[in-house]
Amino acid sequence: AAGEIELAVMYERFQPHQSGLASRKIADSRHVMLVAADYPGLTRATVWQDLRHEPLVFDSMEESGSAKVQRDARAFSARVGLEPHSVVSRRNRESAYTAVEQGVGVIVTTEMNRAIGSASFAKLPMDSSEAIIAVWNERADERLIKRYIAALTRELAEISFDVEDAGKE
């Protein structure tokens, strides 16, 4: 029916909590801190812990000053080991990446994110990860869904994400 989920693949934190949906973890994706390639003080020896106090650029659909955005950003920061001295909120992921490219602060994504391929960023692998899940409608053809999930899980397990920590020389 219109508006119903048949099958979706997403990060666990976005999982809809509604009746009639089933879910299963299919992979983990390591967190990666992205910072402008020309960020002040960045060297090839820089690791994410060196930048854990830098401003965190956080994308949200909420107004940038909202208390909820600040709470969400602080909770996320604590979960991944950051202690940013400030949170800079942007209304969407693209404007958040632009802010990071301009040197406003750091952003945390995962190794599966397309921004990893950009030369604009230094990539600093982190110690945490995010679960990727499949969510499906319990009324869907479970046999077909499970076959698809099994194939996707196998493929994700075989993919090697080569995240290079490329700072300045």
Side-chain angles (χ1 to χ4, degrees), residues 5 7-16 23-62 64 69-70 72-135 148-169:
I5 293 174
L7 173 68
V9 177
M10 65 190 67
Y11 292 116
E12 186 174 41
R13 67 187 152 117
F14 298 122
Q15 180 175 2
S23 66
R24 182 169 133 201
K25 179 178 169 180
I26 58 174
D28 282 306
S29 186
R30 181 175 47 171
H31 283 124
V32 178
M33 177 185 284
L34 300 181
V35 61
D38 60 354
Y39 201 75
L42 186 71
T43 69
R44 293 208 46 82
T46 301
V47 294
W48 72 269
Q49 292 93 333
D50 298 330
L51 302 178
R52 73 181 179 279
H53 297 291
E54 295 300 307
L56 174 67
V57 179
F58 193 75
D59 59 315
S60 171
M61 299 304 285
E62 313 264 340
S64 61
V69 170
Q70 295 297 312
D72 290 350
R74 296 291 176 189
F76 177 77
S77 296
R79 189 165 56 86
V80 299
L82 301 180
E83 300 171 13
H85 63 73
S86 62
V87 173
V88 178
S89 179
R90 292 294 185 259
R91 301 259 321 167
N92 58 56
R93 185 55 64 142
E94 292 307 315
S95 60
Y97 287 141
T98 299
V100 172
E101 285 175 321
Q102 294 170 345
V104 170
V106 303
I107 194 167
V108 175
T109 188
T110 73
E111 62 193 346
M112 289 187 189
N113 190 294
R114 64 185 168 77
I116 294 295
S118 172
S120 300
F121 301 115
K123 296 94 177 164
L124 307 174
M126 299 177 73
D127 301 328
S128 56
S129 65
E130 189 144 356
I132 298 171
I133 62 169
V135 177
Y148 178 78
I149 291 171
L152 184 57
T153 302
R154 280 192 307 276
E155 289 299 315
L156 288 173
E158 291 178 14
I159 294 173
S160 172
F161 294 95
D162 191 20
V163 180
E164 144 189 348
D165 34 346
K168 290 182 181 176
E169 290 291 330

Review point. How close do L56 and S77 get, heavy atom to heavy atom, and via which atoms?
Key: CD2-OG, 3.2 Å
Review point. How far apart are the closest heavy atoms of S29 and I132, and which atoms are they?
Key: CB-CD1, 3.8 Å
Point to revise | Side chain proximity check, F58 to V88, heavy atoms < 4.5 angstrom | key: no
Practice item. Measure the CD1-OG1 distance between I116 and T110 for me, rounded to the nearest 0.5 Å. Key: 7.0 Å
Revision key, fill the gap. Between A37 and L42 the two heavy atoms that sit nearest each other are O-CD2, 3.6 Å
**Study point:** For the student: nearest non-hydrogen atoms of V100 and G105, plus distance
**Key:** CG1-O, 3.6 Å
Review point. Could you walk me through whether L124 and M126 pass the side chain to side chain contact (heavy atoms under 4.5 Å, CB included) check?
Key: CA-CA 6 Å; L124 307 174; M126 299 177 73; 5.8 Å; no
Review point. When you check the side-chain N and O atoms of E101 and S120, is any donor under 3.5 Å from an acceptor?
Key: yes
Study note, to complete from the structure: Taken to the nearest 0.5 Å, the spacing of E54 CD from I107 CD1 works out to 14.5 Å
Review point. So T98 and R90, side chain to side chain contact (heavy atoms under 4.5 Å, CB included) or not? Walk me through it.
Key: CA-CA 10 Å; T98 299; R90 292 294 185 259; over 6 Å; no
Exercise for review: Using atom types as modelled and distance alone, determine if a side-chain donor or acceptor of R13 lies under 3.5 Å from a backbone N or O of A131.
Suggested key: no
Check your understanding: Is any side-chain heavy atom of P125 closer than 4.5 Å to a side-chain heavy atom of R30?
Key -> yes
Exercise for review: Could you check whether the rings of H31 and F76 sit parallel, tilted or perpendicular, using 30° and 60° as the cut-offs?
Suggested key: perpendicular
Review point. What closest approach, in Å, do R74 and P84 show between heavy atoms, and which atom pair accounts for it?
Key: NH1-O, 2.7 Å
**Study point:** Worked check of side chain to side chain contact (heavy atoms under 4.5 Å, CB included) between D127 and W48
**Key:** CA-CA 9 Å; D127 301 328; W48 72 269; 3.6 Å; yes
Check your understanding: Roughly how far, to the nearest 0.5 Å, is the NZ atom of K123 from the OG atom of S118?
Key -> 6.0 Å
Review point. Can you check side chain to side chain contact (heavy atoms under 4.5 Å, CB included) on D59 and Y97, steps first, answer last?
Key: CA-CA 9 Å; D59 59 315; Y97 287 141; over 6 Å; no
**Study point:** Donor on one side chain, acceptor on other, Y39 and T46, under 3.5 Å
**Key:** no
Check your understanding: What distance separates I133 CD1 from I26 CD1, expressed to the nearest 0.5 Å?
Key -> 8.5 Å
Review point. Do H85 and P55 come close enough that some side-chain heavy atom pair is under 4.5 Å?
Key: yes
Check your understanding: Any Lys/Arg nitrogen of E12 or K25 sitting under 4.0 Å from an Asp/Glu carboxylate oxygen of the other?
Key -> no
Check your understanding: So which heavy atom on T109 is nearest to which on N113, and how close?
Key -> OG1-ND2, 2.9 Å
